[in-house]
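One structure is given below, encoded as structure tokens.
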Amino acid sequence: MPRLSLVVPAYKVQGYLSECLESVLGQDYADFEIVAVDDCSPDGSGAILDEYAAHDDRIHVIHLTENVGLGRARNIALEKARGDYVLFLDSDDTLSPGALSAIAGRLETAGDPDVLIYDYVRTYWDGEVRPNQRAHLLTDADGEVFSLAERPQLLDLLQIVCNKAYRRDFIAREGLSFPPGYYEDALWTYRSLIGAERITVLDRVCLLYRQRREGGNILGTVSRKHFDVFEQYRRVFDFLDTHEDGARWRAPLFRKMTDHYLAVLDRPGRLPQDARAEFFHRAAADYRARLPEGFTRPGGARGKKYALLERDAYAGLAGATAAVKLRNTVRGRARTTLGRSRRSAMNLYYRSQLRLPRDENLAVFSAYWSRSVACNPAAIDAELARLAPHIRRVWAVHPDAVDQVPEGVDHVRVGSREYWSAVARATYLVNNVNFPDSVVKREGQIHVQTHHGTPLKTMGLDQQKYPASTRMDFGRLLERCDRWDFSLVSNRFSGAVWERAYPCSYTSLETGYPRNDVLLNSTAEDVRAARRDLGLGEGTTAFLYLPTHREYRRDFEPRLDLVRLAERLGPDAVLLVRGHDAHPRSGRLAELAADGRILDVTGSPAVERLYLAADCLITDYSSAMFDYANLDRPIVVFADDWDTYSAVRGTYFDVRAQAPGAVATTQEELAEVLCSDAWRDERAARARADFRRRFCDFDDGRAAERAVRHIFLGEPLEALPPLVPLDERTPAPQPGPSREASAPISVPTSQR
């Protein structure tokens, strides 16, 4: 029987769940269990729970077949909890280091109280940490135990259950359970504090209470569900009517009720505008029905709002509510955004175009800051031509990329009048990065963020922990991301990262990456054509070396002695070397390419054709490994500077431990791998299979079709082609008829 049971409900939290679980599993106190509930979550939360449970038998997972909501999910977990004490931890929150030791220690010194209250801080996306403003109520004297009657000021603490530990037999004795609906913590909190005979406090921050920028927090959700607060307080006052000591708590809880109703009215972004008057009148009715005899209103502005409720005078409150502030804020933001566009775009011309009607059949595409016509946007463009030819496609490009625009497709040069007209009037804007800050998201426009890889390195807000890798203005970044309507996802791992790194209100589409369709749909002739374009002979083994960008390096210099490596590989092997887009073209690389066994393919616009042509990928920390894995061909990881790279940029996992194949940390090791069978042996194949199961979830060859049919043609998700299971997919054929079973590369003794 564990000492502590932690109840962790999970619903649409795949971006935060691992961090939550790690904060518990990393504690220096081990006598606990986690009872996790997958509340029929539509994302990867359930799979994440199962993965952790498979590695730690203290985690028990309950999968629900329908979504029941936070309160009922907690109730279901309570039925399975076995610990002496129950703690509730929301799956986007975390525990501070040492929290469980401190909690267990206080429970012991206090002689197993009914309830322990501990401190918390609010954490925000920008790194801000705000302490509990009423932390002084948690000061204690050597584990003192008391009742609420002795310290009634505890009612002024935030009405949440996640900063408390409850003795399990106390929960059973009081018959505590969570009601359905919003604000479910109110009833539980008041009933438990009033019913507890022995309460103690812990003046230590144990809970890091995440304030999510978008989603997951009812306080930031515009909905009529906020009317649930009336039913919750009906339950509270029904409880007081039946409790032997209920009369003494009527006035304090009346005050809490009134403050809570006013908070819902005062806070922007909760009630729909057309529901505010109705809410006020409901609140006024409760106020007058439950007004205790002899109740004294507070002073100041708060007291005036009490008086307005008592008179049911909505008109008097409306002028003082946050609705006006909200309208002013929205207008101010619009003026700020338009002000930026005036300064950085074409001033009056752009503004005039924004006033014109949108073109329902116009789509603007951009990729890699308009430097090329490539990646997911290009694949969507091609599929759009097939499925929706009535939509006019326009590429935004810089002058040196004009020749990449497909024949028959329009283009505009970035910064031109035609460019600003197109982005102002298009209904669809598709990009694998962000459009410039000066682009205004107008009503009715649909922005599609396709991304351009699976992240091994930290992205978005996660980069805040690694300031040496970026000078990004994260506030401006999120303003750009606020324009997204759709975010394309290639695997569940990416989906979890994007939702945490870019916490905005877009819809994640698990379509797969359109650019990878070609890796599943290409034929043997397509593979031969890709090799012919590079001049690769029939018997040639092509190794594609594709390193990533280093923030601590200004230009691209291969970390390998390519000439020496080419000599070791022998005359039947060719190194295809592709520098990162962030680096200028290397003159040294051009020199090395002169003898034909090293080919500089940095300028090749379609990296997917290089994938088709290559027998094996050599990379370090590039997202190329995730795409190339769809081909189920050998991958070798060259991780010579992992410690430096991961410290400077930050990474989501150790690629050396979870590599898709053989790993080398020196040039000599790499040469040995490539000159033996290690790059394609059974061990490498097993590693690649594990990697594919984790990162090739949705890339089945129909990603572009799903994206076009849902986004451009409006087809519902359930009508889209179902995902083909990984084991049933057929990647593009290997470059040669017997490549997979071929012998190791023959290396002459003179070249060893």
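Position 1 is the first residue of the sequence; numbering continues from there. In what follows, every heavy atom counts, from backbone to side chain, and hydrogens, waters and symmetry copies are set aside.
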Item checked: Pairwise distance CG(D462) to CZ(R649) - rounded to 0.5 angstrom -> 10.0 Å
Next item on the list: Check the side chains of D627 and N516 for a donor-acceptor pair under 3.5 angstrom, ignoring hydrogens and angles.
Entry: yes
Checklist line | Distance in Å, H55 NE2 paired with L25 CG, rounded so as to fall on 0.5 Å steps | finding: 12.0 Å
Next item on the list: Using the test ring-ring contact (aromatic ring centres under 6.0 Å, His included), find all partners of W484 that sit at least two apart in sequence or belong to another chain.
Entry: H451, Y502, Y506
Note to self: Which residues pass the side-chain hydrogen bond (donor to acceptor under 3.5 Å, both in side chains) test with R528, not counting sequence neighbours?
What the structure shows: E525
Check: Would a line drawn from the ring center of F698 to the ring center of Y513 be shorter than 6.0 Å?
Finding: no
Margin query: According to salt bridge (Lys or Arg N to Asp or Glu O under 4.0 Å), who are the partners of R694, at least two apart in sequence or on a separate chain?
Written below: none
Next item on the list: Apply side-chain hydrogen bond (donor to acceptor under 3.5 Å, both in side chains) to R609 and list each qualifying residue two or more places apart in sequence or on a separate chain.
Entry: D533
Item checked: Distance-only polar pair, side chains of E669 and T665, donor-acceptor under 3.5 Å -> yes
Note to self: Which heavy atom of A363 sits nearest to which heavy atom of L384, and what is that distance?
What the structure shows: CB-CD2, 4.3 Å
Check: What ring-ring contact (aromatic ring centres under 6.0 Å, His included) pairs are there with at least one residue in residues 650-674, not counting sequence neighbours?
Finding: F493-F653, F653-F695
Next item on the list: Looking only at non-hydrogen atoms, find the nearest pair between R531 and G537 and report the distance.
Entry: NH2-O, 3.4 Å
Notebook entry, point to check: Looking only at heavy atoms, what is the nearest atom pair of L546 and T619, with distance?
Noted result: O-OG1, 2.6 Å
Notebook entry, point to check: How long is the span from the CZ atom in F638 to the CG atom in L674, to the nearest 0.5 Å?
Noted result: 10.5 Å
Next item on the list: Heavy atoms only: give me the nearest A639-R656 pair and the separation to one decimal.
Entry: CB-CG, 4.0 Å
Next item on the list: With sequence neighbours excluded, tell me which residues meet side chain to side chain contact (heavy atoms under 4.5 Å, CB included) with A374.
Entry: Y368, S372
Margin query: Distance check, rounded to the nearest 0.5 Å: R500 atom CZ versus L17 atom CG?
Written below: 11.0 Å
Next item on the list: May I have all residue pairs that pass ring-ring contact (aromatic ring centres under 6.0 Å, His included) and include part of residues 376-413, sequence neighbours excluded?
Entry: F365-W395
Margin query: Restricting to ring-ring contact (aromatic ring centres under 6.0 Å, His included), what partner residues turn up for F486, sequence neighbours left out?
Written below: H710
Note to self: Donor-acceptor pair, distance only, cut-off 3.5 Å: does the side chain of S522 make one with the backbone of V518?
What the structure shows: yes
Check: Any side-chain heavy atom of V397 sitting closer than 4.5 Å to one from V373?
Finding: yes
Note to self: Set out, in order, the CA-CA distance, both residues' side-chain angles and the distance that settles side chain to side chain contact (heavy atoms under 4.5 Å, CB included) for R492 and D43, then state yes or no.
What the structure shows: CA-CA 8 Å; R492 290 187 177 88; D43 63 1; over 6 Å; no
Checklist line | N432 side chain to H452 backbone, donor-acceptor under 3.5 Å | finding: no
Next item on the list: Give a yes or no on whether the backbone of T540 and the side-chain of D572 come within a donor-acceptor separation of less than 3.5 Å.
Entry: no
Checklist line | Donor-acceptor pair, side chain of T470 and main chain of M472, under 3.5 angstrom | finding: yes
Next item on the list: Considering non-hydrogen atoms only, spot the tightest contact between A422 and L362 and give its length.
Entry: O-CD2, 4.0 Å
Checklist line | For D640, side-chain hydrogen bond (donor to acceptor under 3.5 Å, both in side chains) partners two or more places apart | finding: R559
Check: Is a side-chain donor-acceptor pair under 3.5 Å present for D697 with S490?
Finding: no
Note to self: Quick test of your reading of the model: are D620 and R550 salt-bridged, counting only N-O distances below 4.0 Å?
What the structure shows: yes
Check: By salt bridge (Lys or Arg N to Asp or Glu O under 4.0 Å), which residues pair with D517, not counting sequence neighbours?
Finding: none
Next item on the list: Answer yes when D632 and R692 have at least one side-chain N-carboxylate O distance shorter than 4.0 Å, and no when they do not.
Entry: yes
Check: If you look only at pairs with a residue in residues 397-411, which of them pass as a salt bridge (Lys or Arg N to Asp or Glu O under 4.0 Å), with sequence neighbours excluded?
Finding: R392-D410
Check: Which atoms form the tightest heavy-atom contact between V648 and Y466, and what is the distance?
Finding: O-CB, 3.4 Å
Checklist line | Rounded distance (nearest 0.5 Å) linking atom CG of L429 with atom NE2 of H447 | finding: 4.5 Å
Checklist line | E668 bridged to R564 by N-O distance under 4.0 Å | finding: yes
Check: Nearest 0.5 Å, what's the CD1-CG distance between I618 and L575?
Finding: 6.0 Å
Item checked: Sequence-distant partners of Q14, side-chain hydrogen bond (donor to acceptor under 3.5 Å, both in side chains), two or more places apart -> E499
Item checked: Side chains of D526 and T523, donor plus acceptor under 3.5 Å -> yes
